[in-house]
Asks: 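There's a structure below that I have some questions on.
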2 protein chains.
Amino acid sequence: MSMGNNYELYKVFYWAAKTGSLTQAAKALYLTQPSVSHAIKQLEESFGVSLFYRNSKGVELTQEGMVLYSYIEQSQILITLAEEKMAALKNLDSGELRIGGSDSLFKHYVLPYLEQFHKLHPGVKLHLNHGTTPEVITFLKEGRIDLGVVRMPIVDPQLQVTESFQLQDCFVAGARYAELKNEVLTLDALLQYPIILFSRNSRARMTITELFHNYGYSIKPEIEVGSVDLLIEFARRGLGISYVTREFVSKELEEGSLFEVSLDIPLPPSHVGLLTMRNMPLSSAAKTFIGLVK
Amino acid sequence: MSMGNNYELYKVFYWAAKTGSLTQAAKALYLTQPSVSHAIKQLEESFGVSLFYRNSKGVELTQEGMVLYSYIEQSQILITLAEEKMAALKNLDSGELRIGGSDSLFKHYVLPYLEQFHKLHPGVKLHLNHGTTPEVITFLKEGRIDLGVVRMPIVDPQLQVTESFQLQDCFVAGARYAELKNEVLTLDALLQYPIILFSRNSRARMTITELFHNYGYSIKPEIEVGSVDLLIEFARRGLGISYVTREFVSKELEEGSLFEVSLDIPLPPSHVGLLTMRNMPLSSAAKTFIGLVK
DNA sequence: GTTACCCATAGACATGGTCTATATCTCCTG
DNA sequence: CAGGAGATATAGACCATGTCTATGGGTAAC
């Protein structure tokens, strides 16, 4: 009575019962007939019960064998489904990809990659969770997202950071300030104009504030807004000069509804990073997506 | 991509996921922690996917691991149920016993054993299929019954016969023929009385016919009936002398409503045999029942 | 009678699962 | 901050056991 069989035996039993032949079962399992015979015997001895009638045509389940089969069949089917499902997850025929980040980064930066990814792997469900950088980091640590897309720099020993893309922030203005189009302004000159900045707690805002401070100036916005779309819109309507990421206004720059205001100092580039948990395995979907971005 | 894992790995995975700890899983499976660690790693490599996050407190399922677990959990539960069920069948806490035979043998011979068996193993369902000897043999060969209870002799190479009990056939009469009570009749004398026999195709009928034939007589019944009950009833009512199995009329003999008619020749005993298929494994229930009878 | 197809058995062999020993990491505690 | 407790990972040795080949026996069909 050593209950607790090697579960491998059930696989053999399943095929023997299903095919009604130890020989056929052996072929299905890429084994030899004696191996199957031996396996069935082991099961029978462990249960102390005969599972098959042996006859010249093959084997047939006994009453007890049928009882066992009724359980094992379901069990084996589930395992087969599990293996298929795992293969699907691996091949990205299925599964999900959960990304966290800010709306503007999603819209202007992540979207094309997502489209590409979705085209390649339409079976993978996409979940976008928007939030601020600290929120995204929390999501990551709670396992609610697979990766985060945020502005650099991030310093957190638990996080793996992949700097993936460089963005260039700049000042832009609309037709109202057309006279600045071919000028190169000093900081002092710039500050004569009304400035529109992103709200106080954003990384871009902190960066530009610090930069001006280093040059001995203090930048105080006329207008503060909470979304990149508003930064763009206000600049277009001539309410002031907006500090935005150049890549996010490429359309407006092309069509001429906005132009870049040149300065006599270089503005620091900002980096976008992909955040993942360090020492945590990535899902196939996340791995593939990151590969796509790089 | 060598899909087709050793199913034993799923058992390990199940316990690791269930306990949230490789160490605990190892204890549950009577393995060491490195063995479990190794097993999980094999699964992960075969799927090309991480199944667990490892942390200092133990392990936690990844998204993919959860998917796998949702299948494997059911599968393992089914296997556990299967093993419990098989143990129950072995212990005769469950299962069924299917016996074929004639109604009279059931009533007069098998019943006490069935009662005893049922008392010992109330979980085993009993199925009685009545039929003639050839029918019972057919049932056996078709696997519709586990064993048959019939009169001997049976000659069939496919059948295993266990002679289990000896019955003595005899002639009995009722009050109407009270004058024979202390007589010892010759066959000749007996044949002066009306004889009641079982129907033509029964083994008892053939036996007695042949016996008389060997002594140079021909026995021709006044009345032929199709059941033992009628044989008894007719004799009691004085319609003639019935040839019955003594053990089947023990009650009537005791209470005096019938008495045995002695003859000057010995009547051959008849044997009841338990029939099973030769070279076919017996269910636990059948094995136990046969043991009980012997 | 003979062929062909089953399953059972025996015994040799080698794969691979399991072990011990050790490393590494994290968390918690004094 | 050092050190202990407890978690998993790794390396390497060993031997159990699963698998094979070879063979036997039985039955059905031609």
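Naming: A, B, ... by sequence-line order, numbering from 1 per chain.
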Asks: Would you check if the distance from the ring center of Y7(B) to the ring center of Y10(A) is below 6.0 Å?
Replies: no
Asks: Quick check on DNA chain D: between P34(B) and S56(A), whose nearest nucleotide comes earlier from the 5' end?
Replies: P34(B)
Asks: Can you tell me the distance, in whole Å, between the NZ atom of K41(A) and the C1' atom of dG18(D)?
Replies: 15 Å
Asks: Using whole Å, what does the distance between atom P of nucleotide dC27(C) and atom NZ of K57(B) come to?
Replies: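 Distance check: K57(B) NZ to dC27(C) P gives 8 Å.
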Asks: Compare the minimum distances between each of dA8(C), dG18(D), dC20(D) and the side chain of Q42(A), then state the nucleotide with the smallest one.
Replies: dG18(D)
Asks: Just N and O in the side chain of R54(B): are any of them under 4.0 Å from OP1 or OP2 of dA9(D)?
Replies: yes
Asks: Does K57(B) offer a backbone N or O that forms a donor-acceptor pair with the side chain of N55(B) under 3.5 Å?
Replies: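 Flag set: sc N55(B) to bb K57(B) pair under 3.5 Å.
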Asks: In whole angstrom, what separates K11(A)'s NZ from dG18(D)'s C1'?
Replies: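 Atom NZ in K11(A) sits about 13 Å away from atom C1' in dG18(D).
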Asks: Nearest to the side chain of L31(A), heavy atoms from C-beta on, is which of dC6(C), dC19(C), dC20(D)?
Replies: dC20(D)
Asks: In whole angstroms, how far is the C1' atom of dT19(D) from the NE2 atom of H38(A)?
Replies: 10 Å
Asks: Could you check how far CD of E60(B) sits from P of dT26(C), rounded to whole Å?
Replies: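 So the CD-P distance, E60(B) to dT26(C), works out to 16 Å.
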Asks: Is there a donor N/O on one and an acceptor N/O on the other, under 3.5 Å, for the side chain of Q33(B) and the base of dA9(D)?
Replies: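 Under the 3.5 Å cut-off, the side chain and the base do form a donor-acceptor pair.
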Asks: Would the distance check show the side chain of T19(B) and the main-chain N or O of W15(B) forming a donor-acceptor pair, the cut-off being under 3.5 Å?
Replies: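 Checking the backbone N and O of W15(B) against the side chain of T19(B), a donor-acceptor pair under 3.5 Å is found.
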Asks: Output the rounded distance in Å from CG (L22(B)) to C1' (dT8(D)).
Replies: 6 Å
Asks: Taking K41(A) first and then E44(A), would you say they form a salt bridge - that is, a charged N and a carboxylate O separated by under 4.0 Å?
Replies: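 Salt bridge: no.
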Asks: Base, sugar-phosphate, or nothing: which does S35(A) touch, judged by heavy atoms less than 4.0 Å apart?
Replies: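 Base: the residue S35(A), judged by heavy atoms under 4.0 Å, touches a nucleobase.
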Asks: Atom CZ of F52(B) to atom P of dA7(D): distance rounded to whole Å?
Replies: 15 Å
Asks: Using whole Å, report how far CD1 of I40(A) lies from P of dT19(D).
Replies: 12 Å
Asks: Tell me whether R205(B) contacts the main-chain N or O of F198(B) through its side chain, where contact means a donor paired with an acceptor under 3.5 Å.
Replies: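 Yes; judged by distance alone, with no hydrogens or angles, the pair exists.
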